[in-house]
Structures are given as C-alpha cells and as structure tokens.
Amino acid sequence: MKRRTLGPDGPEVSAIGLGCMGMSAFYGSADEEESLRTIRRALELGCDFLDTSDMYGPHTNEELVGRAIAGRRDEVFLATKFGIRIAGDPPRREVNGTPEYVRSACEGSLERLKTDHIDLYYQHRVDPDTPIEETVEAMAGLVREGKVRHIGLSEAGAETIRRAHAVHPVTAVQTEYSLWTREPVEGEILPTLKELGIGLVAYSPLGRGFLSGRFSSPDELDEGDFRRYGPRFTGENLKHNLLLAERVRELADEKGIAPGQLALAWVLHRWEHIVPIPGTKRVSYLEENLAAAEVELSEEEVERIAEAVPAAAGERYDPAGMSSVNL
C-alpha cells in the first residue's frame with residue numbers, strides 16, 4: 001500500500017483508508033464476522049487508517065473496531081469522532097461541542113475501542129451554540145494528556161477551520177468529496193487546507209457506492225438503508241445520476257479498471273495530501289478499493305474525467321442533514 005501524509009508535515013497513513021460506518025449503521029444489515037475479516041484484511045494489505053465514530057450504532061461500531069484490532073493496536077492509525085448524539089424521547093439527533101462533553105465522549109470512545117489513545121479525534125459536526133475555540137481548546141487538553149495524538153474537524157466551513165487552527169493545529173478535515181461532490185471543497189475548503197497545511201480526508205469518495213456500480217436503484221438496498229430515501233437516489237435526481245454512474249463505468253472500461261477504482265484514483269490525484277476512506281463491509285470490495293492506489297492518471301486524464309462527470313443532481317442529505325454541514 002502506498003503511503004501519504006495528512007498535510008505536508010502531518011502523520012503518515014495508508015493512501016487509502018477504511019470507513020467502518022456501514023459495518024454497524026445506516027447501510028442496512030451487516031455480517032459482524034465478515035466485518036471483522038474486512039478490517040483485519042485491510043491491515044494485512046497495509047491499509048492502516050481506520051475511521052469510526054461514537055454515533056455509528058451508536059457506540060457499536062467503535063466496539064467492533066476495538067475487537068478487530070485487539071492485539072494489533074500498534075499497526076493502526078485510529079480515527080474516531082464525537083459531537084453527534086441521539087437523545088430525548090422520542091429520540092432525536094443533537095450536536096454537542098461543549099468542553100465537558102468533549103472529555104466525556106473521549107473517555108467513552110477510549111473504553112469502547114480498548115485503547116489508551118486515539119490517533120485522530122474529530123469533532124463530527126460543528127456545534128453552532130458553542131464557540132469553536134472552546135471545543136478545540138478542550139480537544140487540545142486531550143492532546144496534552146496523551147489521550148489524543150491529533151485533532152480534526154468534520155464538515156466544517158473554511159472560516160471555522162481557520163478559527164480552530166488558530167487555537168491548536170488541526171491535522172485533518174474530513175468532508176464528503178468525490179467526482180459528484182466537489183463543492184464547496186474545491187471552491188473554499190481545499191485552498192484553505194493547502195494554505196494552512198491541513199490534510200483532507202474524503203469520505204464517501206464512491207458516492208455512497210453509487211459510482212462503483214454496486215447498485216442502480218434504491219429498491220436494491222435493504223429496507224433500513226438510508227440511501228433508499230436520499231435526495232440523490234430518488235425521482236428525477238436518480239435518473240440524472242444514473243447517467244453519471246454510466247459515464248464513470250465507460251471511462252473505467254477505457255482504462256481496464258473497475259468504476260470504483262477510477263473514482264478513487266481521481267480523488268487521489270486531486271492533491272497529494274488527500275486520503276479517501278471508502279467504506280465497505282466485505283473483503284472483496286475492500287480489495288478492489290485498495291487496488292485503486294496503484295492506478296496512475298495523467299493530468300489530462302484527471303481533467304477529462306472531471307469534465308465528463310458533472311455535479312450530481314440533488315443535495316447530499318435531507319434538509320436537516322444539510323443544516324449541519326459547512327458551518
């Protein structure tokens with residue numbers, strides 16, 4: 001597995017990481033034993049960057065990852081997140097970035113992951129009611145105590161990134177970035193990260209599996225899979241986006257690779273400090289995804305692919321979900 005750094009002076013990780021969310025949440029049913037095999041196979045293949053969160057499950061995904069890496073902690077660059085929790089009756093999602101919650105969330109994650117430190121600790125979503133400076137100072141305290149090695153932000157806007165970085169160095173920003181999700185990353189966020197020396201972790205680099213051709217209709221997905229109801233996978237948006245997926249397949253056929261490999265290679269070639277973290281819960285898909293690190297694209301090919309696959313139709317999330325991104 002090729003390696004790269006999260007920012008020019010950041011920690012070195014595998015060029016492609018593994019998003020573990022779907023093993024426990026949001027993408028329908030899962031096979032725990034296959035998920036454990038997938039994580040362990042990733043480590044065998046040199047993919048050491050594992051991404052989870054305390055809200056996946058909630059909590060069960062961290063516990064799964066903790067079991068998978070037991071006895072192999074020194075082989076892993078472990079990332080998890082805090083800040084989104086399910087509370088109330090009826091249950092509802094809320095964002096909490098208060099210093100007190102930062103500390104308690106970290107203690108919970110350490111326990112579930114069975115580790116004494118987290119390599120990269122993200123604020124999962126920015127709390128609009130807590131100044132980012134207060135949240136980051138609490139995260140910095142965890143770094144000073146040795147419980148966290150690096151801090152990150154997820155789905156934060158450019159100005160928030162600057163304010164956070166002024167309090168304590170931000171190692172990485174995680175946001176959705178792929179062939180069909182380029183803004184506001186390319187317009188505002190990526191220039192800011194390059195200026196400040198912060199790495200970009202690209203989640204959903206395969207368009208939630210759609211660009212890889214693993215499904216073409218929401219009817220093919222489990223009843224509990226949130227993609228069945230997502231704006232990009234229903235109605236007229238779906239018709240438009242199917243054309244994009246077909247174009248990715250055509251371009252991949254020209255190079256003799258899988259569609260998902262083309263989509264991942266394109267992300268990798270956008271900047272040397274971008275690390276995509278495609279999610280999967282199957283060994284076969286993992287192996288296909290990781291092989292994308294070996295795909296070479298010329299600058300002309302990168303631009304041609306970008307021009308051939310325009311922006312997707314529809315928002316990434318429903319209105320409630322979109323209200324918490326790029327703050």
Side-chain angles (χ1 to χ4, degrees), residues 4-13 17 19 49 51-55 77-84 94-99 101-103 105-106 118-144 148-178 181-205 267-268 270-277 315-317 321-327:
R4 52 178 53 187
T5 58
L6 291 173
D9 302 313
E12 186 180 82
V13 297
F49 186 9
D51 181 271
T52 181
S53 171
D54 63 1
M55 70 89 61
F77 186 87
L78 184 58
T80 192
K81 314 177 198 71
F82 74 92
I84 301 176
E94 64 178 32
V95 177
N96 190 330
T98 61
Y101 186 69
V102 173
R103 177 166 295 280
C106 181
I118 296 163
D119 294 300
L120 177 57
Y121 199 40
Y122 295 100
Q123 182 182 20
H124 205 158
R125 290 291 188 274
V126 175
D127 180 356
D129 297 322
T130 303
I132 190 65
E133 291 83 359
E134 294 182 12
T135 302
V136 172
E137 179 53 43
M139 297 169 75
L142 297 173
V143 175
R144 291 190 290 269
V148 169
R149 300 282 171 84
H150 304 274
I151 70 170
L153 302 175
S154 178
E155 292 285 9
E159 182 58 30
T160 298
I161 295 167
R162 290 184 182 279
R163 289 169 55 195
H165 194 67
V167 175
H168 185 278
V170 174
T171 294
V173 168
Q174 181 176 139
T175 192
E176 185 170 349
Y177 183 55
S178 68
T181 302
R182 297 179 221 169
E183 293 298 332
V185 174
E186 294 182 350
E188 299 177 356
I189 294 172
L190 193 53
T192 301
L193 301 186
K194 290 180 177 180
E195 176 190 339
L196 299 177
I198 299 170
L200 174 64
V201 176
Y203 79 83
S204 293
V267 171
L268 285 165
R270 296 303 280 179
W271 187 39
E272 61 185 329
H273 301 297
I274 294 177
V275 178
I277 52 168
E315 294 282 13
R316 297 191 282 138
Y317 298 103
M322 290 302 300
S323 69
S324 66
V325 303
N326 199 35
L327 298 181

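Computation of the quantities below employed the complete heavy-atom set of this structure, encompassing side-chain atoms and omitting hydrogens, waters and symmetry-equivalent molecules.
- Contacts of Glu188 classified as side-chain contact (heavy atoms from CB on, under 4.5 Å), with partners at least two apart in sequence or in another chain: Ala158, Pro184, Asn326.
- Between Ile274 and Leu268 the shortest side-chain heavy-atom distance does not fall below 4.5 Å.
- When the side-chain contact (heavy atoms from CB on, under 4.5 Å) test is applied to Ala138, the partners found at least two apart in sequence or on another chain are Pro99, Val102.
- Residues Ile189 and Ala156 approach most closely at CD1-O, 3.7 Å, considering heavy atoms.
- Side-chain N or O atoms of Lys81 include none that pairs as donor or acceptor with a backbone N or O of Ser154 at under 3.5 Å.
- Every residue two or more places apart in sequence or in another chain that forms a side-chain hydrogen bond (donor to acceptor under 3.5 Å, both in side chains) with Glu137 is listed here: Arg144.
- Looking at heavy atoms from C-beta onward, Phe77 lies in side-chain contact with Pro11 at the 4.5 angstrom threshold.
- Contact check for Phe49 versus Arg4: no side-chain heavy atoms found under the 4.5 Å cut-off.
- Taking 4.5 Å as the limit, every side-chain heavy atom of Met139 sits out of range of all side-chain heavy atoms of Val167.
- When side chains are defined from C-beta on, Val267 counts as touching Tyr177, because their heavy atoms get closer than 4.5 Å.
- For residues 118-132, the set of pairs meeting the salt bridge (Lys or Arg N to Asp or Glu O under 4.0 Å) definition, not counting sequence neighbours, comprises Arg73-Asp119.
- Note that CD1 of Ile161 is 6.0 Å distant from OG1 of Thr192, once rounded to the nearest 0.5 Å.
- Annotation for Pro205 and Ala202: closest pair CD-O, 3.6 Å, computed over non-hydrogen atoms.
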Original post:
Does the pair Glu133 and Arg163 meet the rule for a salt bridge (charged side-chain N to carboxylate O under 4.0 Å, His left out), with working shown?
Top reply: CA-CA 7 Å; Glu133 291 83 359; Arg163 289 169 55 195; 2.8 Å; yes
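- Within the model, atoms CH2 of Trp271 and CG of Leu190 stand 6.0 Å from one another, a figure rounded to the nearest 0.5 Å.
- Val173 places a side-chain heavy atom less than 4.5 Å from the side chain of Leu193.
- Ser53 places no side-chain N or O within 3.5 Å of a backbone atom of Thr80 that could act as its donor or acceptor partner.
- Looking only at distances, a side-chain donor or acceptor of His273 sits under 3.5 Å from a matching main-chain atom of Thr5.
- Here the CG-NE2 distance, from Leu196 to His165, works out to 5.0 Å after rounding to the nearest 0.5 Å.
- With rounding to the nearest 0.5 angstrom, the CD1 atom of Ile84 is 9.5 Å from the CD atom of Gln123.
- Crowding of Arg149 atom CZ: a count of heavy atoms from other residues, nucleotides or ligands under 6.0 Å not exceeding 12.
- Inspection of the Tyr122 and Glu155 side chains reveals no N or O donor paired with an N or O acceptor under 3.5 Å.
- Closest heavy-atom contact between Leu120 and Ala172: CD2-CB, 4.1 Å.
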**OP:** For the pair Thr181 and Ser204, evaluate side-chain contact (heavy atoms from CB on, under 4.5 Å) and give the outcome as yes or no after the intermediate values.
**Re:** CA-CA 9 Å; Thr181 302; Ser204 293; over 6 Å; no
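- Using cut-offs of 30° and 60° on the angle between ring planes, the pair Tyr101 and Phe82 is tilted.
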Original post:
Given the rule in the side-chain contact (heavy atoms from CB on, under 4.5 Å) test, do His150 and Tyr121 qualify, once you have shown the distances and angles that lead to the verdict?
Top reply: CA-CA 6 Å; His150 304 274; Tyr121 199 40; over 6 Å; no
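- Using a 4.5 Å heavy-atom threshold, the side chains of Val143 and His168 count as touching.
- Nearest heavy atoms, Val170 versus Gly152: CG1-CA, 4.1 Å.
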Original post:
Under the side-chain contact (heavy atoms from CB on, under 4.5 Å) criterion, do Val275 and Leu200 qualify, and how do the steps go?
Top reply: CA-CA 6 Å; Val275 178; Leu200 174 64; over 6 Å; no
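- Nearest approach of Ile151 to Pro169, heavy atoms of both residues: CG1-O, 3.5 Å.
- Legend: residues meeting side-chain hydrogen bond (donor to acceptor under 3.5 Å, both in side chains) with Thr160, ordered by chain and number and at least two apart, are absent.
- Side chains of Thr171 and Ile198 form no contact here, defined as non-hydrogen atoms less than 4.5 Å apart.
- The salt bridge (Lys or Arg N to Asp or Glu O under 4.0 Å) check on Glu176 picks up Arg208, Arg316, with sequence neighbours excluded.
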